[in-house]
Protein chains: 2
Amino acid sequence: MLDPRRLLTLRAVVRAGSMTAAAAELGYTPSAVSQQVAALERETATPLLVRHARGVLPTEAGALLVEHAEVVAGRLARAAEEVADLTALRAGRLRLASFASAGARLLPGAIGEFRRRHPAVRLSLELAEPDECPDRLRDGDLDLAITFGYVPGPALDADGLTSTFLFDDAVNVALPAGHPAVGDTLRPTDEVDVATLRDAAWIRDAGSLCREQLVDMCATAGYTPNIAFDSDDFPMVSGLVESGVGVALVPDLAVHQMGRRVVLRRLRPRVVRRIEALTLPNPAPATAAMLDVLRSRRAA
Amino acid sequence: MLDPRRLLTLRAVVRAGSMTAAAAELGYTPSAVSQQVAALERETATPLLVRHARGVLPTEAGALLVEHAEVVAGRLARAAEEVADLTALRAGRLRLASFASAGARLLPGAIGEFRRRHPAVRLSLELAEPDECPDRLRDGDLDLAITFGYVPGPALDADGLTSTFLFDDAVNVALPAGHPAVGDTLRPTDEVDVATLRDAAWIRDAGSLCREQLVDMCATAGYTPNIAFDSDDFPMVSGLVESGVGVALVPDLAVHQMGRRVVLRRLRPRVVRRIEALTLPNPAPATAAMLDVLRSRRAA
DNA sequence: TCGAGCATGCAGCAGAGCTTAAGCCCGCCC
DNA sequence: GGGCGGGCTTAAGCTCTGCTGCATGCTCGA
């Protein structure tokens, strides 16, 4: 394969009409240009320029190479330009993933803000559970994932990834209005002790992290929960709670999906989901820009 | 503009899936490849690869650059290939020029031979007088010109060009059968002394070199020719000679265009046209190949 | 005949870029 | 769980490409 550097030098020479003029354009001495061309002629074993009193003219082979050099130069320029567009957020894509409740409550605002700032970036969003996100980020399937981890609870395996704390999402227990474990004495500000729910039937969020979290929480309180139902849909959970099938854990982010006859109370000991944005370290510009948006909205 | 070398390295890395594998392909150490990629990332101020336990994957910007690199690599390969085709005479063009009588007698055979040897080379031929050929060669309008110069006579201005002697084309005088300067005593092998044509009317070849040559020849013999007619068409010259308008100089190459009632005799002192092939020094392969053909036919 | 402009060759030097060696991180296997 | 191996990175050093500066040869125009 030919040396692209020399090919571009040849192009400059033919465009300029003389080695001296090309050298001036390229910021070299005529000697350097002459040597480059000579090397290319040696490489191709063909004369590429006919030397002239007033400069040089390309031979057939020279003209052929210049045509290719034009394409190469054009590509190099376009490549640089497009990468610059990418870094300046005048182009590019951002592939987001999030768990369902953040998708409904947190992201719409952030995405709106991002689109306002960087309208040229193509956005995509899909739902994904926290535990599948790290691998998909590492595989290059995703750029940024909104995940959560329970506190207390095991940390997510985010080795080699950068996690940005967004906020803590408090977890409530959802109870039917007259639940026996609650009685009539409950005041709106009261918390419910996990231990008092020992005999409750549980309606459990089917998300893998949430499944484990319920069991862990009850284990800490000294019992194994009686799980009556698994569901991944909060409106359905709401209906089940309302109709007295059982109680459920409902984080703040999903509260708006609960019917109004459901009673929501904080837990004691406190349980929160730590909401985070997960990215590769050294993220691409669009990803970094979205992190900025998320951070700025956390502050607000 | 981006460094094409580094761009191609990036391409190799992404294709290979790891820097180490790419280094092996390229014949470098992994360290060298890593430095190249790092330099490119510095140059573009953008991460191009995500580092992985089992190798690397391109980022969006990296994939973008690889696409461009593919085009560049393709062009470089095609360029090398096409130049190789040119040098191997599997492609290319050869622009010939010649004066009229060589075009009719010398070139058809040579061109046939050339086409047999190198059928892929596109040939073109145009008529051109010897004195315009050097400049057109130097300007790159022509690749090879068949020219002639009279001997004795001034040499053609072929500065900076290479001339290849082909053969000498003897010049005859064409006379009407019973021309007074000849009488009835002329035998077929006789020569005609230029001096004896002092009083002849001349029909002159209109080609610039030939115009001058007639005057020079007569001046050497001590007189100024009486020019009755200028023509650039040998059949017409033939007719004029036959009908007794005058005499004319006719080189061997044009003898076949003379009518059979015209008498042709060698001149004393001898006059020849030196037939040459004119090219640039260090000619392109197709041009060199045609020189070979011309030389080989000269030998035969 | 001289001077200006251009290409080229040579000597010399600077720096790009390679190699070697060591380190670190990650995943795997015993 | 700890050693191990594959892979990327960094630092130091060296090689060699490729540039500069200058002298030369050439052509053309005055």
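Model, not experiment: these values are computed from the prediction. Throughout, a chain's letter reflects where its sequence line sits, starting with A, and its residues are numbered from 1.
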Which residues pass the salt bridge (charged side-chain N to carboxylate O under 4.0 Å, His left out) test with B/E43, sequence neighbours left out? B/R6
From CZ of A/R51 over to C1' of D/dC28, roughly how many Å is that when rounded to an integer? 19 Å
Between C/dT8 atom P and B/N282 atom CG, what is the distance in whole Å? 11 Å
My understanding is that only residues two or more places apart in sequence, or in another chain, count here; which of them pass side-chain contact (heavy atoms from CB on, under 4.5 Å) with B/A21? B/A16, B/S18
A/H52 or B/M19, whichever maps to the more 5' nucleotide of DNA chain D: B/M19
Which residues share a salt bridge (charged side-chain N to carboxylate O under 4.0 Å, His left out) with A/E25, sequence neighbours left out: none
Answer yes or no: is there an ion pair linking B/R136 with B/E126, defined by an N-O contact shorter than 4.0 Å? yes
Can you name the residues that form a side chain to side chain donor-acceptor pair (under 3.5 Å) with B/D141, not counting sequence neighbours? none
Give the B/S/- string for nucleotides 16-21 of chain D, one per nucleotide from 5' to 3', where a protein heavy atom under 4.0 Å of the base yields B, of only the sugar-phosphate yields S, and otherwise -. --SBBB
For B/R15, give me all partners under salt bridge (charged side-chain N to carboxylate O under 4.0 Å, His left out), at least two apart in sequence or on another chain. B/E70
Under the ring-ring contact (aromatic ring centres under 6.0 Å, His included) rule, what pairs show up with a residue in residues 25-84 of chain A, not counting sequence neighbours? none
How would you list, by chain and number, every residue that makes a salt bridge (charged side-chain N to carboxylate O under 4.0 Å, His left out) with B/E41, sequence neighbours excluded? B/R51
Starting at the 5' end of DNA chain C, what dot-bracket string do you get if Watson-Crick and G-U pairs under 3.5 Å are bracketed, crossing pairs use [ ], other-strand pairs use | and unpaired bases use dots? ||||||||||||||||||||||||||||||
Of all the choices, D/dC8, C/dA7, C/dT8, which nucleotide is nearest to the side chain of A/S34 once you look at every atom? C/dT8
Sequence neighbours excluded, the answer for side chain to side chain donor-acceptor pair (under 3.5 Å) partners of A/D292 is A/R295
Can you tabulate the close N/O pairs, meaning under 3.5 Å, that link protein atoms to atoms of nucleotides 22-25 of chain C?
none

Separation of atom CG in B/D135 from atom P in D/dC28, rounded to whole Å: 9 Å
List in chain and number order the residues that pass ring-ring contact (aromatic ring centres under 6.0 Å, His included) with A/F114, two or more places apart in sequence or in another chain; answer none if no residue qualifies. A/H118
